[in-house]
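Take a look at the structure set out below.
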Amino acid sequence: MAETALPKGYEPHDVEARWREHWESEHTFTPDPKAPGEPYSIVIPPPNVTGALHMGHALNLTIIDLLCRHARQKGKNVLWIPGEDHAGIATQNVVERQLAKEGTSRHKLGREKFLERVWKWREDYGNRIVSQIKAMGASVDWTRERFTMDEGLSRAVRRCFVDLYRKGYIYRGKYIINWCSRCHTALADDEVEHQPVKGHLWHIRYDLEDGSGSIVIATTRPETILGDSGVCVHPDDERYKGMVGKNVIIPVVNRKAPLFADKYVDREFGTGALKVTPCHDPNDWMLGHRYKLEFIQCIDEDGVMNENAGPYKGMTKEACREKIVADLEAEGRLVKVEDLDHGVGHCYRCKTVVEPHVSEQWFVATSKLAPMARDAVPSKTQIFPDNWEKIYYNWLDNMRDWCISRQIWWGHRIPAWTCQQCGELIVEEEAPHACPKCGSADLKQEDDVLDTWFSSALWPFSTMGWPDKTPELKKYYPTSILVTGFDILFFWVARMMMMGLFNMNQVPFHHVYLHALVRDAEGKKMSKSSGNVIDPLVMIDKYGTDALRFTLTAFAAMGRDIRLSEDRIEGYRHFVNKVWNASRFALMNLGDEAPAPVAPAQVKSLHNRWLLHRLEELKDEVDQAIESYRFNDAAQALYKFLWNEFCDWYLELIKPDMREDADPAAKAESQYVLWLALREFLILMHPIMPFMTAEIWKALPEPADLAEPDLARVLYPAARPECRQPEDAARMIFIQGAIGAVRTIRAELNIAPSYKLTVLFRPADQAQAALLEQNRTVITTLARLGEMMVDTAGEAPKASASHVVEGCEVIVHLSGAVDFQAELARLEKELGKIAKELGGLTAKLANQNFVSRAPAEIVKREQDRVAELTDAKEKLTNLQARFKAIM
RNA sequence: GGGCGGUUAGCUCAGUUGGUAGAGCGUCGGCCUUACAAGCCGAAUGCCAGGUGUUCAAGUCACCUACUGCCCACCA
C-alpha cells in the first residue's frame, strides 16, 4: 500500500475533497438496521435551510462526528441522520425581503405562488448548508437525509396533531398571546426576547366617578388607557382603603370603570395603583377574567389604533402615545414623568417590539405533557453537564400552554377544517371530503401553520419513518444521545421529550449533551451585527478542517463557553502539521511492507518497551475521555502523547536504530514498535482529525490479514495488557532525566550544541549503572557526548559542572573555555531550590498529625523525597566545594 | 426577585474521586542536529479573586464577601 511516500507538505483541500467523495460514494456511513452491533444513533440538530454554517454548527458537528466515529470503532451499528429545518418565520422573512426588493409581496403573489417561491429558495439554499456540513467531515448517512417539510415528516406532523387533538392535548381558543406586528403572527413565550429599554413611567390622575377625589396610577404605556376597564390596588393599601368599590372615570375616553383590590398589585411600585387593560397586557388579561371586566381592544394587528381609540384611530401606537401624553398634560392629569428602565419583549426573529394581543389561536396543553418529560430525567434521560437538570425542571414546572399557531404561510398547515354550513370543526390527518355532521362539502381549512418547533419536536422519530413501523425505528429509537447548544434546551430538547414520550411512549434519547456557545475572543456572542464572526468555512480554507476540528475539541470543556480566536486555530494547525511530519518520518523508516511482529515479551530496548506501555495508557485515556464526554481531555492526551513523547523522545531515541550500521534485530524491533504506535495513534486520532489520519493510514503498510484501506472502517485497537510495564516507564524517566541534565548544563553554560561533551555518571546503584550502560548509544546521541563514563567510584575533575538525577551524579567535564561563574550561579540556584523544598517537607514530616493520619503511601512518598533531596544536596555541595577550589 | 456559572502564568483557558499547578499564544537565550524553522534544545513567570471553616493536607469540599457573565420571572 505504501507505493507513494507522503508529500512534504500537507494539502488539506485535495485530501479532504478526496475522502469526502470516497466516503459518500462508498456509503461508508450508511448502516444497515438489520446488521448486528449495538445500535448507536444520533439525529443532527437540523440547521435552518436559510442559514449558513457558523461556529456553533462547527462545534456541534465536530462533537457528534467524533462520537459517531468513535462508536463505529467500538463496533457499534451507527446511524447519524442529517437534515434541515424549514424554520418557518425565519425563512418566510428572508423570502419576503427578497420579494420586497422585486417590488412585490407575498400578498400580491398569493399563498400558492408564494410557497412556490419559498420552495425554490429551499432548493437553492438548502444545498449550501448541506455542502457546508460535508466540509466539516460529518459522517452522516446522506441516504437518510430529511427535511422538516418533506412528505414523510409532514405526515408525521399531521398524525401527531390529530392524536394530540383527539386525546385533548390540543385546543383552540381566544387568548392573549405575543404578537409581532411586523411578522404578523403569534409567537410562543420563548420566542420573545426581553431587552432593557429606557422608557418612562407616567403618573396620571383618574377621577372618581362620585367626585369624591381622584387616584393617580403609573403606567409605561399611556396609549393603552384607551383600552382600560378598571383600576386595581392592593387590598391592604391604606392609601386607597376608602376608594375600593367605587368607580373611576377613564380619562380621554370618559368611561366608567371599577376600582377594585387584588393582592397581585405591588404597593411599592409606582403609586401602588394599577390601570387594568385586559386586552393589552397578559396580567391585566388575567385580572380582567377574574373580575369580569370589559375587554376593549384598541390596538390592531399592525400596531395601529383602531375604532375603539376614538380620536386616536389610525395613529400608530407610538404616535398615539405622544399625542395622548400631550392631551393629558393639557388637561392637567399628568402628575409626573419618571425615567424607567424596564424589560420589553422583542420578536426573536425581527426584533420588533412584541405586543400582547388577543386573538384566536391553537394551543398544546403542555401543562399536561410536561410532568412525564420531567419525570424521565434523570432516570431515563441523563443530561450532561447535570447542572442543567435543575434548569430543565424549573422550566417544565412553570410552563404555560404552548401557542402553536402562526399566522404565516411557510410551514405545516394546521390539519383542521371548518364546515361552512354548520360550523363543525373537523381535525383529520387527510383532507376530509364532507362534513361528518351535515354532509356539506363546503369545508375551509385553517389558514394558520404550525410553529416550527412543532415539527422539530418530532425529529428523533419522524426522521426514522414514524408513524410507519420501520426497521430504523425498531433498531435506533430511542437515539443514544442528543448533542446541542444549551440555548435551545427549552425550544427543542424539552419539546422533543414531551413529544417523544407522547407519541412513542419512550424518551427520544438516553443522553443529552449540552455544549457551550462559541463566543469571540472577548466573550461576546458572535453575530453578524457585531462583526465578530469567525467563519468556519474561512478557517477551513485557511487551516484545514482537521485543524479547526481539533481546536474545537480541545476547547470543548464541559459547561464552559468557548472563546475562539483565529490564532488558536493557527496554533493547533501546527499540531496537525506535526502529526504529518512525524508520519512522514515513520514511513521513511518503514519498508513497503508491514514490519514483522515482535511479541511483547521479546521487546528488548527500553524505549520500545516504554512506548508500548504509554500506548496502552493512551488507549485507555482516550476511550474513557470520549465515553464520559470529556473531549478536551481526549484531545490533550493525544496532543501530549504525539508531540511530547512520540516526537520529542521516541523518534529521536530510535534514530540510532535506523542507521545503516545498526543491529538488524534492534532495527526490526524498533520498526515494528514504530509502525504499531503510529498505526494505533492514527486510529485514536481519527475521530477528531478524520481527513489527515485517513490519508496517512492509506500510506501506512499493512499486513495482508489486516488490510483495510479506509481508516473510517477500522476498529479501536484491542488492549495489550502484557505491554503495561510501569517499571519501564520509570526507567525511561530516569534516562530522560540524565539526558536533560546534560542538556541543561550545556544550555546554561552556553556550550555550543555541536561540542561533544565528556560526561561521567556516578550511579546511585547497580540498577542505574546497568540502565545507563544499556542505553549508552541513546544517551550519547541525544545528549551529544564524545565520551560517556559510568563509574560509581569515578573521580570528578575539578573543572566540571554537575547535576543529580534520582541520586545519580551527572558530571560534565569542562574545558577552559567555559564560564565558571555561570556554573557556580547555576549550582547555587539548584541548591536553593532543593533547600526550599526540603524545608517544606521536613516541616510536614515533623507534624505528628500528618505522619499518623495521612495514608502510609503518602507519608512514604514524602520520606523518599526527603531522602532523595538530602542526598542530592550533599552530592551537589561536595561538587560545589571541589569546583570552588579551582577558582 | 429567583437560578446557574466564572475569577488559576503577560493573554486565552485546562486541571473526574482533596496530596503545594499545566497547555496554546507570547517572552528570553541558544540551534538550519539529514520528519518538521508551522521546527529543535534550554529558561523565566502563578500568596490558583479575598475571607472563614472542614481536614494531617484545599485550586480541588462547605459557607461568606467582592467583582463579572448568562438564563428564567407577570412589577404595570
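As a basis for the values below, the full set of heavy atoms in this structure was taken, side chains included, without hydrogen atoms, waters or symmetry mates. This is a predicted model, so every value here is computed, not measured.
At whole-Å resolution of the value, CG in L274(A) and P in C75(B) are 13 Å apart. The NE2-P distance, from H342(A) to G1(B), rounds to 19 Å in whole Å. As a whole-Å value, the separation of M399(A) CE from A73(B) P is 12 Å. Put simply, CD on E193(A) is 12 Å from P on A73(B), counting in whole angstrom units. Between Q848(A) atom CD and A57(B) atom P there is a gap of 14 Å when expressed in whole angstrom units. One interatomic measurement links the two molecules: CG of N750(A) to C1' of A43(B), which rounds to 12 Å at whole-angstrom precision. Spacing between atom CG of L287(A) and atom P of C74(B) amounts to 14 Å, rounded to whole angstrom units. For L674(A) and A35(B), the CG to P distance is 13 Å, given to the nearest whole Å.
Spacing of P atoms, A44(B) relative to C63(B), comes out at 39 Å, to the nearest Å. Across G15(B) and U20(B), the matching C1' atoms stand 14 Å from one another, rounded to whole Å. To the nearest whole angstrom, the two C1' atoms, one in C40(B) and one in A57(B), are 40 Å apart.
Residue-level contact check: R861(A) touches the backbone only, with heavy atoms under 4.0 Å from sugar-phosphate atoms and none from bases. Counting any heavy atom pair closer than 4.0 Å across all strands shown, C647(A) reaches a base atom. Here N577(A) lies in heavy-atom contact (under 4.0 Å) with a base. Residue contacts shown for G9(A) are absent, as no nucleic acid heavy atom lies under 4.0 Å away. Among the protein residues, N398(A) comes within range of no part of the nucleic acid, since none of its heavy atoms lies under 4.0 Å from any strand. The residue L201(A) sits apart from the nucleic acid: no heavy atom pair falls under 4.0 Å. As judged by a 4.0 angstrom heavy-atom cut-off over every strand, K836(A) is placed among residues making no nucleic acid contact. Backbone-only engagement by E748(A) is indicated by non-hydrogen atom pairs under 4.0 Å involving sugar-phosphate atoms exclusively. Within the nucleic acid shown, K390(A) comes within 4.0 Å of sugar-phosphate atoms alone, with no base atom in reach, counting heavy atoms only. Within the 4.0 angstrom heavy-atom criterion, no nucleotide atom of any strand lies near W202(A).
Nearer to the 5' terminus of RNA chain B, by closest-nucleotide assignment, is the contact made by K829(A) (compared with the other of K829(A) and V851(A)). Mapping R573(A) and A747(A) onto RNA chain B by nearest heavy atom places R573(A) closer to the 5' end of the strand.
Nearest nucleotide to the T744(A) side chain, out of U12(B), C72(B), A43(B): A43(B).
Contact annotation: the side chain of P378(A) never approaches that of D386(A) to less than 4.5 Å [non-hydrogen atoms, C-beta and beyond]. Side-chain contact check for L489(A) versus W395(A): every heavy-atom pair is 4.5 Å or farther apart.
Side-chain nitrogen and oxygen atoms of K578(A) include at least one within less than 4.0 Å of the OP1 or OP2 phosphate oxygen of C40(B). Checking the phosphate oxygens (OP1, OP2) of C36(B), no side-chain nitrogen or oxygen of H574(A) falls inside 4.0 Å. A sub-4.0 Å separation between OP1 or OP2 of C36(B) and a side-chain N or O of K8(A) is present. Applying the 4.0 Å criterion to OP1 and OP2 of C40(B), one finds that W643(A) has a side-chain N or O inside that range. Residue Y639(A) places at least one side-chain N or O under 4.0 Å from the OP1 or OP2 atom of G24(B).
If you check the side chains of D266(A) and H234(A), you find no donor sitting under 3.5 Å from an acceptor.
Side chain of N178(A) to main chain of L187(A): a donor-acceptor pair is present (N/O by atom type, distance under 3.5 Å, no hydrogens or angles).
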With pairs defined as Watson-Crick or G-U wobble and both distances under 3.5 angstrom, please note down RNA chain B as a dot-bracket string, | for pairing with another strand.
-> (((((((..((((.....[..)))).(((((.......))))).....(((((..]....))))))))))))....
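Between Y629(A) and H511(A), the gap from one ring centroid to the other is short of 6.0 Å. The aromatic ring centres of F646(A) and F681(A) sit 6.0 Å or more apart.
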